[in-house]
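Take a look at the structure set out below.
Below, read A as the first sequence line, B as the second, and so on, with proteins coming before strands; counting in each chain starts at 1. Nothing here was measured: the structure is a model prediction, and the numbers come from that model.
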Protein chains: 2
Amino acid sequence: MQSLITAPAMMQELHSNLRSTTLRFRAGQLIFDEGQKATRWYEVIQGTVRTCRFHMDGHRHLTGFFFSGDVFGADHGTYGTAAEAVTDVVVRCYRVGDITDDSTPKPQLDEAVSILFRAMSTAQRYLFIMGHRTASERLAAFLLCLKQQANDDPNIFVPMSRSDIADFLGLTVHTVSRTFTDLARRGLIEINGRDSVIITDNAGLCRLAGEYQDSMTPDVDTDIHPAADLCLGELSAA
Amino acid sequence: MQSLITAPAMMQELHSNLRSTTLRFRAGQLIFDEGQKATRWYEVIQGTVRTCRFHMDGHRHLTGFFFSGDVFGADHGTYGTAAEAVTDVVVRCYRVGDITDDSTPKPQLDEAVSILFRAMSTAQRYLFIMGHRTASERLAAFLLCLKQQANDDPNIFVPMSRSDIADFLGLTVHTVSRTFTDLARRGLIEINGRDSVIITDNAGLCRLAGEYQDSMTPDVDTDIHPAADLCLGELSAA
DNA sequence: CGTGCGCTTGACAGCTGTCAACACTTGTGG
DNA sequence: CCACAAGTGTTGACAGCTGTCAAGCGCACG
């Protein structure tokens with residue numbers, strides 16, 4: 001569920017060496033705006049943050065959700081997205097020299113590059129979802145990401161609004177809402193209010209999302225590439 | 001139209017210092033496979049190359065097209081996609097030390113990182129297209145990319161098959177075909193055989209693709225974010 | 001000339017966006 | 001405490017778009 005842009009875990013190794021400021025934002029508040037000079041990066045201490053872009057046609061596109069421990073805003077030059085508080089949040093804010101700064105130690109630079117490549121790979125997997133998956137498949141993948149984010153607890157806390165989910169998955173609020181009730185009707189989940197979902201059929205949800213449990217092989221008989229894979233779970237990989 | 005993964009122009013600066021091998025591939029031939037160790041990167045001398053992934057459900061997803069001068073295959077660790085010749089191609093093949101190799105000069109490393117961030121930005125823009133755009137809007141954006149790739153000549157050469165375009169845009173062959181004829185019927189393009197298209201109404205095509213010519217402002221009256229933009233043309237940015 | 005492949009087209013169904021209405025919660029003010 | 005408004009979420013009706021299925025066309029190749 002982390003950003004498709006950057007989640008440089010490598011920077012976490014520098015925590016002890018960096019001066020940080022703790023900030024609080026109320027739900028809905030802007031943390032930084034798209035296009036601003038990217039002089040700081042942030043770590044979520046408590047709450048949930050979203051990154052988003054607005055497009056000419058008025059559509060909003062959410063590019064990631066960030067939870068406790070996640071890093072966001074580590075962009076290059078200017079911020080490629082805005083960041084907003086989904087809930088009341090507490091974040092730690094670090095000034096950074098540019099990643100390509102001479103003072104950056106070599107191994108961490110290596111890891112940064114590696115992470116960027118992984119982020120690209122994640123983005124491409126996500127591209128596939130947006131291009132080829134239906135609403136219920138996208139929502140299933142999304143819920144599994146939330147579950148993984150919460151240590152695989154099937155009792156999921158959903159801090160973001162239906163509208164946020166819609167703008168993240170490329171759907172409308174209506175479709176998201178309908179799909180929630182549809183998944184519930186099919187016995188895959190149970191809905192407890194607007195911010196709580198229980199996964200009652202994990203295997204079924206995985207099947208929907210395009211993941212296959214255990215060593216189950218996909219039921220295709222054509223000449224599939226051996227390396228073929230689509231691990232939606234990695235959407236939330238750091 | 002270049003890869004969403006990597007198109008490190010910085011490496012081109014090293015051409016003169018590197019040993020290279022010239023290789024030829026016939027249309028349809030595999031250049032390298034997904035998952036292989038990424039020990040070389042390639043530059044297209046002549047022809048067109050595509051990079052693709054296969055997914056469990058049997059779907060193919062093309063991640064980029066590469067034309068003369070474009071660089072592909074500069075991945076980290078293993079290739080994230082396979083690369084195939086769309087037409088008969090001539091490529092130059094370079095062995096590379098890892099980008100993070102100690103011998104890589106600092107400025108070029110900086111540029112590599114910068115390019116990676118830009119690629120991420122491009123991927124996110126592309127994500128938006130996949131999530132929010134209709135078939136005709138996608139095809140319009142695609143054709144404009146092809147046009148830009150060919151020095152803005154409105155007489156476009158389309159080397160790839162309808163199937164390739166479909167798997168790149170997240171559509172089916174049928175929809176791509178129907179959309180081609182639809183654009184022609186609306187007077188935006190003229191189709192000359194399967195591999196040649198003339199753009200007869202550039203402004204109209206731009207409007208469709210979500211780009212606005214000149215200083216035309218989008219006709220929305222809601223509280224649009226000031227930094228809002230969607231420049232599909234940058235899809236083909238290096 | 002026959003075959004195979006890619007491209008096109010039509011009919012149809014399914015999914016999702018749009019429009020509309022309503023329920024529920026929250027906050028404000030009387 | 002109630003009335004009211006605003007925001008969010010849900011649901012239904014409907015239309016439009018796109019995938020699926022099916023058929024046919026044109027071209028390249030043997």
Side-chain angles (χ1 to χ4, degrees), chain A residues 26-28 50 55 57-62 86-88 128-140 142 158-186 189-197 208 220 222-223, chain B residues 26-28 50 55 57-62 86-88 128-140 142 158-186 189-197 208 220 222-223:
Chain A
R26 294 232 159 259
R50 64 173 178 250
H55 293 271
D57 59 6
H59 280 291
R60 185 180 67 150
H61 183 211
L62 297 195
V86 173
T87 61
D88 289 354
F128 179 78
I129 298 176
M130 299 295 263
H132 295 272
R133 298 303 196 176
T134 66
S136 48
E137 290 165 345
R138 296 184 200 189
L139 189 57
F142 180 77
V158 185
M160 66 289 289
S161 69
R162 300 291 189 258
S163 168
D164 282 346
I165 298 174
D167 289 342
F168 181 68
L169 296 178
L171 302 168
T172 62
V173 192
H174 314 274
T175 302
V176 170
S177 182
R178 265 192 289 257
T179 306
F180 260 109
T181 54
D182 181 51
L183 292 184
R185 207 172 349 241
R186 288 154 73 177
I189 63 174
E190 188 178 308
I191 303 175
N192 281 357
R194 67 187 58 184
D195 59 1
S196 172
V197 168
L208 235 190
V220 280
T222 50
D223 51 339
Chain B
R26 293 234 159 258
R50 65 174 176 248
H55 293 271
D57 59 6
H59 280 292
R60 185 179 67 152
H61 182 211
L62 297 196
V86 172
T87 61
D88 290 354
F128 180 78
I129 298 176
M130 299 296 261
H132 295 271
R133 298 302 198 178
T134 66
S136 49
E137 289 166 346
R138 297 184 199 189
L139 189 58
F142 180 78
V158 185
M160 66 289 290
S161 68
R162 299 293 189 257
S163 168
D164 282 346
I165 298 174
D167 290 341
F168 181 68
L169 297 178
L171 302 167
T172 62
V173 192
H174 314 275
T175 302
V176 170
S177 181
R178 267 192 288 257
T179 306
F180 261 110
T181 54
D182 181 51
L183 292 183
R185 207 170 349 238
R186 286 153 75 177
I189 64 174
E190 188 178 309
I191 302 174
N192 281 357
R194 68 188 56 185
D195 58 1
S196 172
V197 168
L208 235 190
V220 280
T222 51
D223 51 340

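- Across the protein-nucleic acid pair, Asp182(A) atom CG and dT10(D) atom P stand 13 Å apart, rounded to whole Å.
- In this pair, His61(A) and His132(B) present their aromatic rings perpendicular. The plane angle is above 60°, beyond the 30 to 60° band.
- Inter-residue side-chain proximity for Leu208(A) and Arg133(A) is flagged as unmet; no heavy-atom pair is nearer than 4.5 Å.
- Counting only distance, with no hydrogens or angles, the side chain of Asp88(A) and the backbone of Ala27(A) share a donor-acceptor pair below 3.5 Å.
- Residues Met160(A) and Leu62(A) form no side-chain contact, since every pair of their non-hydrogen atoms from C-beta on lies 4.5 Å or further apart.
- Taking atom CZ of Phe180(B) as the reference point, atom C1' of dG6(C) lies 14 Å away to the nearest angstrom.
- Here the side chains of Phe142(B) and Leu139(B) are in contact, with some heavy-atom distance below 4.5 Å.
- Between Thr175(A) and Leu169(A), the closest side-chain pair of non-hydrogen atoms is not below 4.5 Å.
- To the nearest 0.5 Å, the span separating CG on Leu183(B) from CD1 on Ile191(B) amounts to 7.5 Å.
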Per-nucleotide protein contact string for nucleotides 9-19 of chain C, where B marks a base within reach and S marks sugar-phosphate only (heavy atoms under 4.0 Å, - for neither): BBB----SBBB
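- Residue Ile191(A) contributes atom CD1, which lies 12 Å from atom P of dG9(D) at whole-angstrom precision.
- Atom CG of Leu139(A) and atom C1' of dG9(D) are 14 Å apart (whole Å).
- In this entry the distance linking CG of Asn192(A) with P of dC24(C) reads 17 Å, nearest Å.
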Quick one: which protein N/O atoms are closer than 3.5 Å to N/O atoms of nucleotides 24-30 of chain D? Pair and distance per line, please.
none

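- Distance OG1/Thr179(B) to CZ/Arg162(B): 10.5 Å, rounded to 0.5 Å.
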